[in-house]
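Sequence lines set the chain letters: A, B, ... in the order given, protein chains first and strands last, and positions in each chain run from 1. Note that this is a predicted model, so its numbers are computed, not measured.
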Amino acid sequence: MKHDDEIRGRFLDLALLRRFVPLLRPYRRGAITGFALLPAISLVRTLEPLCLQRAIDNSLLPGRLDLLWPIAALLIALLLAEAVLVFSQSWCVQVVGQRVMADLRRDSFAKLSRLPQRWFDWQPSGRLVTRLTNDVEQVGDLFGSGIVSAFGDVLTMVLVLSVMLSLHVGLTLVAFAVAPLLLGVLLLLRRPMRSLMRRLRAQTAGLNGFVGERVNGMAEVQIFGQEQSSAEQFEALQQDYLSAALSWVRWETLFYASVHLFGSLAVAAIIWQGGAQVLGSHISFGTLVAFIEYARKFFMPLTELAAKFSVLQTSNAALERIFALLDEREEAAGMLSLPSGPGRVAFEAVHFAYQPSEPVVRGLSLEVAGGECVALVGETGCGKTTLAQLLLGFYRPDSGRVLVNGIEVQQLTRESLSAQLGWVAQEPFLFHGSIRQNLDADGRYRNDQLWAALERSGARTLVERLGGLDVAAIDSRGRNLSSGERQLLSLARALVKQPQVLILDEATSHLDSDSERRIYQALQGLSGQCTRLLIIHHLALAARLADRILVLHRGQLCEQGSHQQLLAQGGRYARLWAIQTLQQDREKGNA
Amino acid sequence: MISPIPFFDQLWPWLKRYRRALLWGSLWLLLSNGFILALPQLMRLAVAAIEAHNAEDLIFYALLMVVLTLAGSASRVRSRLYFLHTGRRVEVDLRRAMFERLLGCDAPFFDRHHTGDLISRLTNDLTNVRMVAGFGVLSLVNALVVYSMTLGWMLWLSPRLTLVALLPFPLMVLAIKAISRHVLAYSARVQDQLGTLSAYIDETLSGQRSLRSAGFDSARQQAFDALNATYLDDALALARVRALILPVMSVVTPSGMLLVLYFGGRQIVAGTLQLGDLVAFNAYLVQLAMPTLIFGWILTLIQRAIAAMERMSLLLELPPLPVALPAPDNAHCGPAIRLRQLRFAYPSQPDKVVLGPLSLEIAAGGFIGLVGPVASGKSTLIQLLSGRYPLSPGQLEIDGLDLSEIAAALYRQRLSAVLQEGRLFSGPLVDNLRFGAPQLSDAELEQLLERVCLSEEVRHFTAGLATPIGEGGLTLSGGQRQRTAIGRALARNGGLWLLDDPFSHLDVHTAHVLWQQLRPLLQGRTVLFAASRLALLQEADWIVCLEAGQILEQGTHARLVEQDGYYARRFRQERLAQELEAL
């Protein structure tokens, strides 16, 4: 089970880095300070063993304790300086990292609203949420624990090495005689470790996938009595995982052990050779002690650097995914604003398919005059809802044109489209927050305007019951309201902006007949002011409300006219009517 | 800070199986530290040799150091392997235990807990516990060994200097304790904020069209920016306290060394201490630095593992999976079923009765059709008969025995079911067909495919029966999935057939052909068939129309048509619709 969230980042990716660095620009002072403090820290750290050397050579060995004081004072100062510097440096780096993360989150979120609807159709929303949260978090590590501290480690190593060289070239060479060997071992280990890591990741993903699938299909597992066999299959996956995990542990241990081992060997070599030098009075005893300290200081960052491989790899992969999101092609924005008008709507030879193999709208043309009330009817899957989505600009037709007041929808700005088209969806969506936030997020309308819209949509009593406009009464997705209540509020949201065109997609399917009647009265009250497009399953309603009924079949307009005309034609509409009348008989029979 | 003791009590039963490995690991650790911590002693001797200008001794000590280092590293590797392997093994054990307990859970459990939440217990939470079970235990044991050995050596070298050197440590402990309290508080807040942020993004994505048509985009962005800013503030506060840890930790050991240098230096000058002792002493102090650093980190790991273990115990405290039972002799016989005033409400909504009171007698081998609008209780009745919801006694009898008293494992061997949203599993198609009947021969499989009208399509698959079908049968069409599910049930060959609208994705023609082929194979089986297409039920022995969980009308097809009630209307409607389809 592989998907693109699997790690494939590289340790060092220059192209990615080139793109990452400009993100730091707004915080360059912090970033530069973070970098600039590193040499200071390395310097302080390299000075500390020198103090030790002086203390031993100049004060302890000759027995001059009075000379110890200034050196001790210096050492204390250095220690304090180190603490302050380390704190400031890591603080700077964290601030920059966190701010870059906040920027990435903001930009990615903004990007979402500029992407075409089609793109979302193919994106599991869970993965997008992960991209904006987990992935961004990992990028934070890229700067803080990654680039900067790797730079710091390298710097420390270089400084340590140069001090050692300046102290004694021969001894330095002895100490690092093991270095090429270590490097060789590390290179040798890297490749098998990487492939093992991949295997381990794939196996973990496989295990998790198996659990998810069995939990979702638990009814089948239990009804077919496959608990034991599922457990056995799971165990087989587990054993594969275990053997990979155990050998991963072996390699990893070997990896750290070799770094450790070579470090210790270097110390032994220093003592051996350096001791002889001290014996021959070529170097002082203090130098020898300092040398041992330095060797330790050299191998510590080396271990850290090795550990950073995986951090960098993970965050590079995350960054790559975020950049991929930011690079997605945006929807071309329209430039025109919609002229005020009666809200004429036209479809001209429109073709549309969600997937190329399955056309949904097939060469459909229709016109709706300003202020007219039109009902779209037809069986499920005939393309009614798709027409609404095309008109709302969510999708673009594959060919043909969709026009409002004679202007193509895709040439209009999003603002003017949303201001002039009102939509009540089949499953209306409300957001966590207050009624006001759900009706008027920008705060454009006065209270009396909002209440008027609520009155007309029949949601007034509901809002009063919920405690008014400004109480945070609505749960996420409007979960705490019934579908019918959601429809009423969603209608109020569409009405308050007094749109030129109002689109109702099965907007009363969840309502009791009382509320339904009220809504349609309101719709009749809009006659002449606003074009109304009703997508209706219930033909009796269509017959009562609509000036004209359009019958869709397989993505084409197959009949149109008034209810009486269509009945008289004896075609598709008449058949649909007959079926629904039977249904109504039943309802009457029940009542 | 929450006490880690109860956590280790919980963890111990899982570690106990590997106590031998842990013991060996500890012994190797002891040995390794013995070698490593002897190094400063050698260093001391080497220094003495230098001071005495004894080149031969010096070489000997240096060589000995190399040997000890090698031995120390080798035994360290061994000990790490014991501990870390144990961690992985415990992980695998815990995952197995949780998964097997899940397999034994009844349906209300899965109604109560979201899949995502359950999975995260088996993944994220488990990883947190594994870290402690492996690396955590290793580091704790190591810290214990290193501290006691080092302290021993230091005391042996010079008790006074030891006291001096350890002076900064209590200060460090206090400082770390204070810092970690803040770290915990802030990280809890940051986690919450991140949760809020995720929820907000999730809501935005789901309500994307509504937002767009309402023109709320910019308001939404502003609200997000505000949340983002709050999160940033808290994350920065957390970063600040975290940034304190490293300087505190890194200053402690050197300041100890400084103290040692000063006091030890005075002793050397006074002639009461050897230079080599001082060097060795310093080397010991250095040895303390690493375990101390790691110890702080382990503490935060343990905090996380405590929370994780608590979430995992939801699963671990369930009863283990019962052992499998042999198939009963009557597995292929259709049972007689009797519902006695059956009433049912889902445990999540105990006040909302979705079924009943319902009384019904079904003869052994009878074919019963279930009809009714959405949410009339058809699917619920089928669910209850699958035995996955516990019922109170006296409501449902199978062959005269109360269902609540029959062992579920035995009862289920009599079932063949095709559920409404029947799930297939990723893997080859053939594994799905053999799901309930692994013994099926290839010839029988061919026959099976023929019977469920799949053989033609399977022939066109690139890998035939071995074709992998993706998660939940992703790569198959809805109709192919349903026919596979029917094949799976047919292979199982149970005595009680539960069919919940199994042909909904098939066209009318295929559905009819399939059903005609299936009918004779179901002779002698008891069949409950909930259908949205009434034409399939014409041959049923008895048809039950449900509404709001109760029987609206019942009878044979002919009688119900005659009665001219709900069923008759639905039937006529269906015929008209079919004619319309043909237009």
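- Between the R492(B) side chain and the F224(A) main chain, a donor and an acceptor come within less than 3.5 Å of each other.
- The number of heavy-atom neighbours closer than 6.0 Å to CZ of R114(A), taken from other residues, nucleotides and ligands shown, is above 12.
- To the nearest 0.5 Å, the span separating CG on L205(B) from OG on S113(A) amounts to 11.0 Å.
- If you measure heavy-atom distances from A419(A) to chain B, you find no contacts under 4.5 Å at all.
- Here I76(A) is the residue among L392(A), L421(A), L417(A), I76(A) with the most heavy-atom pairs under 4.5 Å with chain B.
- Here the CG-CD distance, from L236(B) to Q94(A), works out to 8.5 Å after rounding to the nearest 0.5 Å.
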For this session: Let me see the working for D442(A) and S218(B) under side-chain contact (heavy atoms from CB on, under 4.5 Å), right down to the final yes or no.
Result: CA-CA 8 Å; D442(A) 299 319; S218(B) 58; 3.8 Å; yes
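- More than 12 heavy atoms of other residues, nucleotides or ligands sit less than 6.0 Å from atom CZ of R96(B).
- The candidate with the highest count of non-hydrogen atom pairs below 4.5 Å against chain A, out of N228(B), L278(B), L424(B), is N228(B).
- In this structure, F99(B) and Q238(A) have side chains that are not in contact, with every pair of non-hydrogen atoms separated by 4.5 Å or more.
- Counting heavy-atom pairs closer than 4.5 Å to chain B, the top-ranked of the candidates L576(A), L265(A), V221(A), I292(A) is V221(A).
- A cation-pi arrangement is not found for R212(B) relative to F394(A), the charged atom failing to lie both closer than 6.0 Å to the ring centre and inside a 45° cone about the ring normal.
- A cation-pi arrangement is not found for R209(B) relative to F429(A), the charged atom failing to lie both closer than 6.0 Å to the ring centre and inside a 45° cone about the ring normal.
- Proximity to chain B involves both the backbone and the side chain of E220(A), based on heavy atoms less than 4.5 angstrom apart.
- Residues R412(B) and E227(A) are in side-chain contact: their nearest non-hydrogen atoms beyond the backbone lie under 4.5 Å apart.
- Under the 3.5 Å distance criterion, with hydrogens and angles disregarded, a donor-acceptor pair is assigned to the side chains of S426(B) and E213(A).
- Remark: R95(B) is positioned above the aromatic ring of Y241(A), its terminal NZ or CZ atom under 6.0 angstrom from the ring centre and at most 45 degrees off the axis.
- Among A72(A), A102(A), S90(A), the residue with the largest count of heavy-atom pairs under 4.5 Å with chain B is A102(A).
- Heavy-atom pairs under 4.5 Å with chain B peak, among E252(A), E415(A), Q89(A), R414(A), at R414(A).
- Between F224(B) and F109(A), the ring-plane angle classifies as parallel under the 30° and 60° cut-offs.
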Exercise. Run the side-chain contact (heavy atoms from CB on, under 4.5 Å) check on L103(B) and M218(A) step by step: do they pass?
Worked result: CA-CA 7 Å; L103(B) 287 171; M218(A) 193 53 81; 3.9 Å; yes
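- When the side chain to side chain donor-acceptor pair (under 3.5 Å) test is applied to D57(B), the partners found at least two apart in sequence or on another chain are N54(B).
- In this structure, CG on L112(A) lies 10.5 Å from CG on D217(B), to the nearest 0.5 angstrom.
- Between the CG atom in L242(A) and the CZ atom in R89(B) there is a gap of 5.5 Å [rounded to 0.5 Å].
- The two residues G212(A) and I119(B) come nearest to each other via the heavy atoms CA-CD1, 3.2 Å.
- Ranked by non-hydrogen atom pairs under 4.5 Å with chain B, the options M101(A), E82(A), Q389(A), Q437(A) are led by Q389(A).
- Between the CD atom of Q98(A) and the CG atom of D233(B) there is a distance of 10.5 Å, given to the nearest 0.5 Å.
- The minimum heavy-atom distance linking G217(A) with F425(B) is given by the pair O-CZ, 3.6 Å.
- Side-chain atoms of Q226(A) come within 3.5 Å of backbone atoms of F435(B) as a donor-acceptor pair (strictly under, hydrogens ignored).
- In this structure, T253(A) and L84(B) have side chains that are in contact, with non-hydrogen atoms separated by less than 4.5 Å.
- Within the 4.5 Å cutoff, the side chain of F87(A) has heavy atoms near those of the R240(B) side chain.
- Taking all atoms of both residues into account, the shortest heavy-atom contact from A110(A) to Q221(B) is CA-OE1, 3.0 Å.
- Residues satisfying the side chain to side chain donor-acceptor pair (under 3.5 Å) test with Q420(A), not counting sequence neighbours, are Q500(A).
- For the residue pair R105(A) / Y231(B), no side-chain donor-acceptor distance below 3.5 Å is found, with atom types taken as modelled.
- Heavy atoms from other residues, nucleotides or ligands lying under 6.0 Å from NE2 of H432(A) number 12 at most.
- Q222(A) approaches L102(B) most closely through the heavy-atom pair NE2-O, 4.3 Å.
- Each of V249(A), L246(A), L254(A), L288(A) has some count of heavy-atom pairs under 4.5 Å with chain B, and the biggest count is that of L246(A).
- Between the OH atom of Y200(B) and the CG atom of L132(A) there is a distance of 13.0 Å, given to the nearest 0.5 Å.
- A214(B) approaches R493(A) most closely through the heavy-atom pair CB-CD, 3.9 Å.
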